[in-house]
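Contents: one structure, followed by commentary.
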Amino acid sequence: MYDEGDYMNIEAEVVDPPPLATPTSMLRLLLNDSSYNTCLNASGNASDCLVTSDPTRLDFSSLERVVAVVVPVLFALIVVVGLIGNTLVVLVVACNPQMRSTTNVLIINLAVADLLFILFCVPFTAFDYALPYWLFGDAWCRVVQYLVLVCAYASIYTLVLMSLDRFLAVVHPIASMAFRTVRNAALACAVLWALIVLACVPALMSHGLISYTYHKVEYSACVFLSNEGFSYAAYQLCFILSGYLVPLGLIFALYMLMLKRLWFGVAPGGRVSAESLRSKKRVTRMVVIVVVIFAVCWCPIQVILLLKSVGAYNTTSSLRVVIQIVAQILAYMNSCVNPILYAFLSENFRKAFHKVIACHRKEGATVLPSSRHNRETTLNNGVASKSNNTSNDIM
């Protein structure tokens, strides 16, 4: 995903004891843009790489004091809300057998991707804002950057699978019933993770720990290794295409076809009940909202990092630095926003959550007969079963 070497890498002078105004590793790279990373890789001397000739260059001591406190606090809030919210999403489905549908399996997969992102990206970014050096070693530097990329791909391509699931449910409701099963949805998620885990291996090699000096003090930084032949511009362009624009294009195409059928046509195989149509529209509307929120949250940081990778975004003013920090916080917030959407917009999620809080074992004993009734309706009434199935989705 995003290389901490580009926006998380700004080391600083430390006096004994360290002054409060020591610039954090994150902030220095924001202030000196992508050219700082290349210079640092080559010279190992941070003092030589700082841009000081520009009289309009930001004096960052006061900004650093605010950033080093406020940003980690905001990230801590994202971690707490995201951990609680996404864990509840997983528990709600796991503790309610009647909610185990293809859509909900994909929702669980999205929640797991968000949980991993929260655990392996947000806390270490907070440390980078608060400290002037990377203190977790070379191996963990590589692993963190690798997992950040893996979780980002898992999130967006889970949304692609969710959109494909909605497309099949709306456009081919009868023909897709044979393979739109919980087992196949879980298998699709497993294959997705396997492909992503393998495809992101280059991130392990293109990041690493380097040592450098700043005002005669030696530090370390987790950076993109541009001095070893890796192109950060190519890296970022590849990610924005394969991890943002292409999947969003696929989702857009699926929804255009789906909405044409949903609003203007009748599904093949016979008449669809009004309740079934309402249920499909409700679930589809929620998936659209989740996708739009993802696109909006990630768009600013994607654009900024792409511009920085080609030298078109120079952080020579405090305003641009603040814009990039806000864009990064907005992107990370996406990992905790989905459970909030479910809670406010989904009556099914609220009901299932109340069951878990009350006593999921007791509720499970009374719910199973209803689940059997749904299966009998599926066998006897064909299309009508889609309404019962879909009504149990979180969305």
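Just so you know, these numbers use all the heavy atoms, side chains as well, and skip hydrogens, waters and symmetry mates. Every value quoted in this text rests on a predicted model; they were computed, and no experiment measured them.
Following chains of ILVMFWY side-chain contacts shorter than 4.5 Å, one cannot reach L91 starting from L110, and the two form parts of different hydrophobic clusters. Cluster membership for L330 and V70, using ILVMFWY side-chain heavy atoms within less than 4.5 angstrom, is not shared. Taking hydrophobic clusters as Ile, Leu, Val, Met, Phe, Trp and Tyr residues chained together by side-chain heavy-atom distances below 4.5 Å, V150 does not share a cluster with V191. Following chains of ILVMFWY side-chain contacts shorter than 4.5 Å, one cannot reach V105 starting from V112, and the two form parts of different hydrophobic clusters. L161 and L195 fall into different hydrophobic clusters, where Ile, Leu, Val, Met, Phe, Trp and Tyr residues are linked whenever their side-chain heavy atoms come under 4.5 Å apart, directly or through other members.
Ring centroids of F179 and H172 are separated by 6.0 Å or more, keeping the two rings apart.
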I would like to know whether M162 and L159 meet side-chain contact (heavy atoms from CB on, under 4.5 Å); could you show each step before the answer? CA-CA 5 Å; M162 291 172 67; L159 293 178; 4.0 Å; yes
Worked check of side-chain contact (heavy atoms from CB on, under 4.5 Å) between Y244 and I156: CA-CA 7 Å; Y244 190 74; I156 184 60; 5.8 Å; no
Yes or no on side-chain contact (heavy atoms from CB on, under 4.5 Å) for L225 and N227, after CA distance, side-chain angles and deciding distance? CA-CA 5 Å; L225 300 175; N227 64 322; 4.0 Å; yes
side-chain contact (heavy atoms from CB on, under 4.5 Å) between F120 and V143, intermediate numbers included: CA-CA 9 Å; F120 292 106; V143 169; 5.8 Å; no
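Under the 4.5 Å side-chain criterion, counting only non-hydrogen atoms from C-beta, L248 is in contact with V291. Counting heavy atoms from C-beta outward, V79 and L83 have side chains that approach closer than 4.5 Å. Considering only heavy atoms from C-beta on, F239 stays 4.5 Å or farther from L305 through its side chain. Using a 4.5 Å cut-off on side-chain heavy atoms (C-beta onward), L147 and C121 make no contact. Counting only heavy atoms from C-beta outward, the side chains of L204 and Q145 never approach each other to under 4.5 Å. With contacts defined as side-chain heavy-atom distances shorter than 4.5 Å, the pair V148/F124 does not qualify. Within the 4.5 Å cutoff, the side chain of T103 has heavy atoms near those of the R166 side chain. V71 is listed as a side-chain neighbour of I325, based on a closest heavy-atom distance under 4.5 Å.
Contact detail for P339 and G85: the closest heavy-atom pair is CG-C, 3.4 Å. Shortest non-hydrogen contact noted between V90 and A111 is CG2-CB, 4.1 Å. Between C297 and P300 the shortest heavy-atom distance is O-CD, 3.7 Å. Of all heavy-atom pairs spanning M258 and S163, the tightest one is CE-O, 3.7 Å. Closest approach of A113 to S155, counting heavy atoms only: CB-OG, 3.6 Å. Pairing each heavy atom of N334 with each of D114, the nearest pair is O-OD2, 4.4 Å.
The backbone N or O of S335 lies less than 3.5 Å from a partner atom in the side chain of N86, making a donor-acceptor pair. Under a 3.5 Å cut-off, the side chain of R142 and the backbone N or O of H207 do form a donor-acceptor pair. No donor-acceptor pair under 3.5 Å is formed between the side chain of D138 and the backbone N or O of G208. Of the possible polar contacts, one joining the R100 side chain to the A94 backbone as a donor-acceptor pair under 3.5 Å is found.
Residue F167 holds its CZ atom at 12.5 Å from CE of M256, rounded to the nearest 0.5 Å. Rounding to the nearest 0.5 Å places CG of L135 at 6.5 Å from CZ of F127. S176 contributes atom OG, which lies 5.0 Å from atom CG of L168 (distance to the nearest 0.5 angstrom). To the nearest 0.5 Å, atoms CD1 (I251) and CZ (F294) are separated by 8.0 Å. Considering CG of L241 and CD of Q236, their distance stands at 10.5 Å, rounded to 0.5 Å. Rounding to the nearest 0.5 angstrom, the gap separating the CG atom in D165 from the CG atom in L254 is 11.0 Å.
Between Y332 and F117, the ring planes are perpendicular. Angles over 60° get that label, and only those under 30° would be called parallel. Ring geometry for Y157 against Y153 counts as parallel: the plane angle stays under 30°, on a 0 to 90° scale with 60° as the upper cut. Between Y235 and Y232, the ring-plane angle classifies as parallel under the 30° and 60° cut-offs. Ring orientation note: the planes of F224 and F230 are nearly perpendicular, at an angle over 60° on the 30°/60° scale.
C222 pairs with C141 as a disulfide, the SG atoms being under 2.5 Å apart.
Around CZ of F136, the count of heavy atoms belonging to other residues, nucleotides or ligands within 6.0 Å exceeds 12.
Taking the centre and axis of the six-membered ring of Y313, the NZ or CZ atom of R320 falls inside the cone set by 45° and 6.0 Å.
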